[in-house]
A.B. asks: 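My structure is below; once you've seen it, I'll send some questions.
Each chain gets a letter, A, B and so on, in the order the sequences are listed, and its residues count up from 1.
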Number of protein chains: 2
Amino acid sequence: MRVSEQSEDVFARLPAGSFDKDCPTRPLMAQVTGRWGALIIAALVPGPVRFSGLHRQIGGISQKMLSQYLKSLVRYGLVERLVEPTVPPQVTYRLTPLGRSLAEQLCALLGWFGANTAELEAARQRHDATDSPSR
Amino acid sequence: MRVSEQSEDVFARLPAGSFDKDCPTRPLMAQVTGRWGALIIAALVPGPVRFSGLHRQIGGISQKMLSQYLKSLVRYGLVERLVEPTVPPQVTYRLTPLGRSLAEQLCALLGWFGANTAELEAARQRHDATDSPSR
DNA sequence: CCGTATCCAACAAGATACTG
DNA sequence: CAGTATCTTGTTGGATACGG
């Protein structure tokens, strides 16, 4: 495995201003990679889901946070909000094409964490044992 | 492009407990997808960098945050810390193989945001114009 | 040069209660 | 059912100053 080649290749794909102090992608990243963004988007991948469905599926999220993140995702065109005028009203959320394209990246990331949890945990324990009892 | 097939395929790769309230990957995700995690890792892709180099390259980060994130990344075995006993001491940081494998995912994500900034901004403006002047 | 310590401001997030 | 409003707390992050 040629390290230098591969590294430069991956790095080359980075947008130019990524490290700039006021790169416009920073607030976006913050929203999407915030505590719940990736999970909400991942939960929408299989298909449209109702508010209560999301609330049930995503463990530990509050109504407030769910509502807040959804609003933001709708605002950036990643999610669509569909109201059916029944009684009581039903609201479903669905990924837009743009959102689905992002979802692929995020699911890959979630998948990576899932696949490497053991190794990460092992490293942590090794580190905590040999060195400082920090945290 | 077959949408339904692809969506299910991507979703299938998600680890089982991703939505669980106390999935062990959550704190990890928080660290890596925190405000600076992705940027630091991306900055390390081309090769080892010194502390001051990172501080210069990543616009807007404070010493405190850089130090804090680096410590955490070292702890999880994503980054190595190498001290050269010169005077004054030089410390360089380098991605581990595990860290490099994560870096690929993160660079892809950063790349996605870079590539779609225009579309996201357009959606936001469209939304803000037609509807509520919220934020 | 490479950090750590301290203090402080800002924001994210939870709990709870309430509305259409 | 699908949220909003309000209040409170915890965490994140920046500024500054200092130490090895």
A.B. asks: Measuring to OP1 and OP2 of C:dA13, would you say a side-chain N or O of A:R35 lies under 4.0 angstrom away?
C.D. replies: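 Result: no.
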
A.B. asks: In whole angstrom, give the distance that lies between atom CD1 of A:I40 and atom P of D:dG3.
C.D. replies: 12 Å

A.B. asks: Rounded off to whole Å, could you give me the CG-to-P distance for the B:L70 and D:dG13 pair?
C.D. replies: 14 Å

A.B. asks: Give the C-alpha distance, both sets of side-chain angles, the deciding distance and a yes or no for side-chain contact (heavy atoms from CB on, under 4.5 Å) between B:F51 and B:L70.
C.D. replies: CA-CA 9 Å; B:F51 186 89; B:L70 282 171; 4.0 Å; yes

A.B. asks: Please state how far atom CD in A:Q68 lies from atom P in D:dT4, giving the value in whole angstrom units.
C.D. replies: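 To the nearest whole Å, that distance equals 10 Å.
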
A.B. asks: Within the pair B:K64 and D:dT16, is there a side-chain N or O less than 4.0 Å away from OP1 or OP2?
C.D. replies: no

A.B. asks: Between C:dG20, C:dC1, D:dT4, which nucleotide has the shortest distance from any of its atoms to the side chain of B:P88?
C.D. replies: C:dC1

A.B. asks: In whole Å, I'd like the distance from the CD atom of B:Q63 to the P atom of D:dG19.
C.D. replies: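 So the two atoms are 15 Å apart, to the nearest Å.
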
A.B. asks: Respond yes when some side-chain nitrogen or oxygen of A:Y69 is under 4.0 Å from OP1 or OP2 of C:dA13, and no when none is.
C.D. replies: yes

A.B. asks: Provide, to the nearest angstrom, the distance between the NZ atom belonging to B:K71 and the C1' atom belonging to C:dT4.
C.D. replies: 7 Å

A.B. asks: Of all the choices, C:dG3, D:dT4, C:dC1, which nucleotide is nearest to the side chain of B:S67 once you look at every atom?
C.D. replies: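 My answer, after comparing the listed nucleotides, is C:dG3.
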
A.B. asks: Think B:Y93 has a side-chain N or O under 4.0 angstrom from the OP1 or OP2 of C:dG3?
C.D. replies: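 For C:dG3, OP1 or OP2 has a side-chain N or O of B:Y93 closer than 4.0 Å.
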
A.B. asks: At what distance, to the nearest 0.5 angstrom, does CH2 of B:W36 lie from OG of B:S72?
C.D. replies: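 Result: 16.0 Å between the selected atoms.
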
A.B. asks: Can you tell me if A:S52 touches the phosphate of D:dA2, counting only side-chain N or O atoms and a distance under 4.0 Å to OP1 or OP2?
C.D. replies: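 Looking at the OP1 and OP2 atoms of D:dA2, one of them is under 4.0 Å from a side-chain N or O of A:S52.
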
A.B. asks: Does the side chain of B:R81 get closer than 4.0 angstrom to OP1 or OP2 of C:dG3 through an N or O atom?
C.D. replies: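 For C:dG3, OP1/OP2 do have a side-chain N/O of B:R81 under 4.0 Å.
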
A.B. asks: Considering only D:dG13, C:dA13, C:dG20, which nucleotide approaches the side chain of B:M65 most closely?
C.D. replies: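 The closest nucleotide is D:dG13.
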
A.B. asks: Consider the side chain of B:R50, meaning its heavy atoms from C-beta on, and name the nucleotide among C:dA13, C:dC1, D:dA17 that approaches it most closely.
C.D. replies: C:dC1

A.B. asks: Ignoring backbone atoms, establish whether B:S62 has a side-chain N or O less than 4.0 Å from OP1 or OP2 of D:dG13.
C.D. replies: no

A.B. asks: With side-chain contact (heavy atoms from CB on, under 4.5 Å) as the test, pick out the partner of B:V49 among B:L95, B:L44, B:I58, B:I40.
C.D. replies: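 Between B:V49 and the candidates, side-chain contact (heavy atoms from CB on, under 4.5 Å) is satisfied uniquely by B:L44.
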
A.B. asks: B:K21 NZ to C:dA13 P: how many Å, rounded?
C.D. replies: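 Distance check: B:K21 NZ to C:dA13 P gives 14 Å.
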
A.B. asks: Can you check side-chain contact (heavy atoms from CB on, under 4.5 Å) on B:L109 and A:L102, steps first, answer last?
C.D. replies: CA-CA 8 Å; B:L109 189 61; A:L102 174 58; 3.9 Å; yes

A.B. asks: Whole angstroms only, please: what is the CZ-P distance between A:R26 and D:dG14?
C.D. replies: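 Distance, rounded to whole Å: 10 Å.
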
A.B. asks: Expressed as a whole number of angstroms, how long is the span from A:I61:CD1 to C:dG14:C1'?
C.D. replies: 12 Å

A.B. asks: So which atom in A:L120 and which in A:W112 form the shortest heavy-atom distance, rounded to 0.1 Å?
C.D. replies: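 Scanning both residues completely, I find the closest heavy atoms to be CD1-CZ3, 3.9 Å.
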
